[in-house]
Asker: 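Attaching a single structure in structure tokens format; questions to follow.
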Amino acid sequence: MKATRFISSRIFSLSKDNLSSIVMKIAIISIALGLSIMLISIAVVVGFKNQIKDKVVGFVSPIQIQVLNQNESIEETPFVYDSLLKSRLDHPFISQINATANKAGIIKTDSEIHGIILKGVDKNYNWNYINSNLITGNIPQYSDNERSNDVVVSKIIADKMLLDIGDEVRIWFVGEDLKTRGRKFIVKGIYETGLTECDERFIYCDLNQIRKLNGWDDNQVGHLEVFLNDDTDIDIANNIIYYSIPVNLIAYSADDLYPQIFDWLELQDMNVVIIIILMLLVAGITIISMLLIIVLERTSTIGILKSMGANNAFVRSIFLRRSCRLLLIGMLIGNTFGIGLCLIQKYTNIITLSPESYYLSSVPIELNVSYILMLNIGTFILWVMMMLIPTVVINNIKPSKSIRFE
């Protein structure tokens, strides 16, 4: 057994009933709690950001193409989606393009009235996202030649207007001549995404209904929803599409369409940074205090070692070796506790949230091996560097004076 290991095992004993053993136990607890809180914070924020981003992107698509003008209203300016435009959008990173159009309207029943946006889609529309959030009913089947009256409404609208599957609902529209026109639709399905800003407004209908209401041709659309292959950078793809389409069109990313949501998500990063800094400081100060108390408590032992010929580096290695071991014990407990809580929440959803405020019904968890490794390596290096601070005291301990404390 090496001399440093033997001596450190006698100095750093958790079984002894003295001040240093109590301080070491407190330090281990502080390290474990600090690391577990940091792990949980990162797992929650990463999961929260990814799930909210997936919801927004799934609802509005990663990229939308529409006419470039100063029109700030919901009423869209149509453009032709023909073979020429399709050829310009023939990029390998694009998985699907949906032709859609929006139309503002008012849904009215005998007792309720509510402003909505009718979202027209065609038979080739990608229903995967809505289908995964469908509560009841079915996805309607649309065709190119006929106009379908089937619609899919959100749970918020259905609850407010007292609608159920198979109910008839009349939606009113105001034309350019300021005359109102009504259309009767049949509720085919009810969905709930958790995105309150979208669920409160959007009703899915046949694109041919929008074309008929606006007097558009069969190849005209309000905007195009562009879906991308997995692992495609949205900003890079959006830039390529922007320079591919005609000058009268413009491409927007989901971040551009809903900046308030994405800005809110970016603020969560700052919260995590603050939590990590606080935990690093709290646990780091505890480690420094622990090592400083042990050094002061073992002043006479240090003096004896120096009188026997031990240099400062040898004495410092004694204290650092055992301190690193305690640090690793605390980090092991912290990882076990933090990852364990994350797994429990991930598979049981014990902690719930208000969907109206957070867009999610439970606290999301996403464990990433790279984040866990980076956090552990980074914190270990930082805490080891902080442990070097109290060892400076060892250099100033004189054998002639310290032995008197024995």
Asker: Distance from Leu375 atom CG to Tyr371 atom OH, nearest 0.5 Å?
Answerer: 12.0 Å

Asker: When you check the side-chain N and O atoms of Lys188 and Asn138, is any donor under 3.5 Å from an acceptor?
Answerer: no

Asker: Any donor-acceptor pair under 3.5 Å linking the side-chain atoms of Ser143 with those of Asn145?
Answerer: no

Asker: Angle between ring planes, Phe59 versus Tyr191, binned at 30° and 60°: parallel, tilted or perpendicular?
Answerer: tilted

Asker: Determine whether a donor-acceptor pair (N or O, by modelled atom type, separation under 3.5 Å) exists between the side chain of Arg147 and the backbone of Asn208.
Answerer: no

Asker: In this structure, is the centre-to-centre distance between the rings of Tyr142 and Tyr125 below 6.0 Å?
Answerer: no

Asker: Do the side-chain N and O atoms of Asn335 and Asn376 include a donor-acceptor pair separated by under 3.5 angstrom?
Answerer: yes

Asker: Return yes if a side-chain donor-acceptor contact under 3.5 Å exists between Gln209 and Asn149, otherwise no.
Answerer: yes

Asker: Counting only heavy atoms not in Phe227 (residues, nucleotides, ligands), do more than 12 fall under 6.0 Å from its CZ?
Answerer: yes

Asker: Return yes if a side-chain donor-acceptor contact under 3.5 Å exists between Asp218 and Gln220, otherwise no.
Answerer: no

Asker: Kindly say whether Glu197 contributes a backbone atom to a donor-acceptor pair with the side chain of Arg201 at under 3.5 angstrom?
Answerer: yes

Asker: Answer yes or no: are there more than 12 heavy-atom neighbours, outside Lys49 itself, under 6.0 Å from its atom NZ?
Answerer: yes

Asker: Regarding Asp217 and Asn219, is there a side-chain donor-to-acceptor distance under 3.5 Å anywhere?
Answerer: no

Asker: Verify, without hydrogens or angle tests, whether Asp256 (side chain) and Ser253 (backbone) share a donor-acceptor contact under 3.5 angstrom.
Answerer: yes

Asker: How long is the straight-line distance from NZ of Lys346 back to CD1 of Ile339, given to the nearest 0.5 Å?
Answerer: 11.5 Å

Asker: Using a strict 4.0 Å threshold on nitrogen-to-oxygen distance, state whether Asp82 and Lys86 make a salt bridge.
Answerer: no

Asker: Regarding Asp199 and Ser154, do their side chains bring together a donor and an acceptor under 3.5 Å, going by distance alone?
Answerer: no

Asker: Count the heavy atoms belonging to other residues, nucleotides or ligands that lie under 6.0 Å from OH of Tyr242, then report whether that count exceeds 12.
Answerer: no

Asker: If you apply the rule side chain to side chain contact (heavy atoms under 4.5 Å, CB included), what do you find for Ile203 with Ile117, and how did you get there?
Answerer: CA-CA 6 Å; Ile203 293 179; Ile117 297 176; over 6 Å; no

Asker: Give the C-alpha distance, both sets of side-chain angles, the deciding distance and a yes or no for salt bridge (Lys or Arg N to Asp or Glu O under 4.0 Å) between Lys123 and Glu146.
Answerer: CA-CA 11 Å; Lys123 67 175 185 178; Glu146 298 180 358; over 6 Å; no

Asker: I'd like to know if the side chain of Asn133 pairs up with that of Glu192 as donor and acceptor (distance under 3.5 Å, no hydrogens or angles considered).
Answerer: no

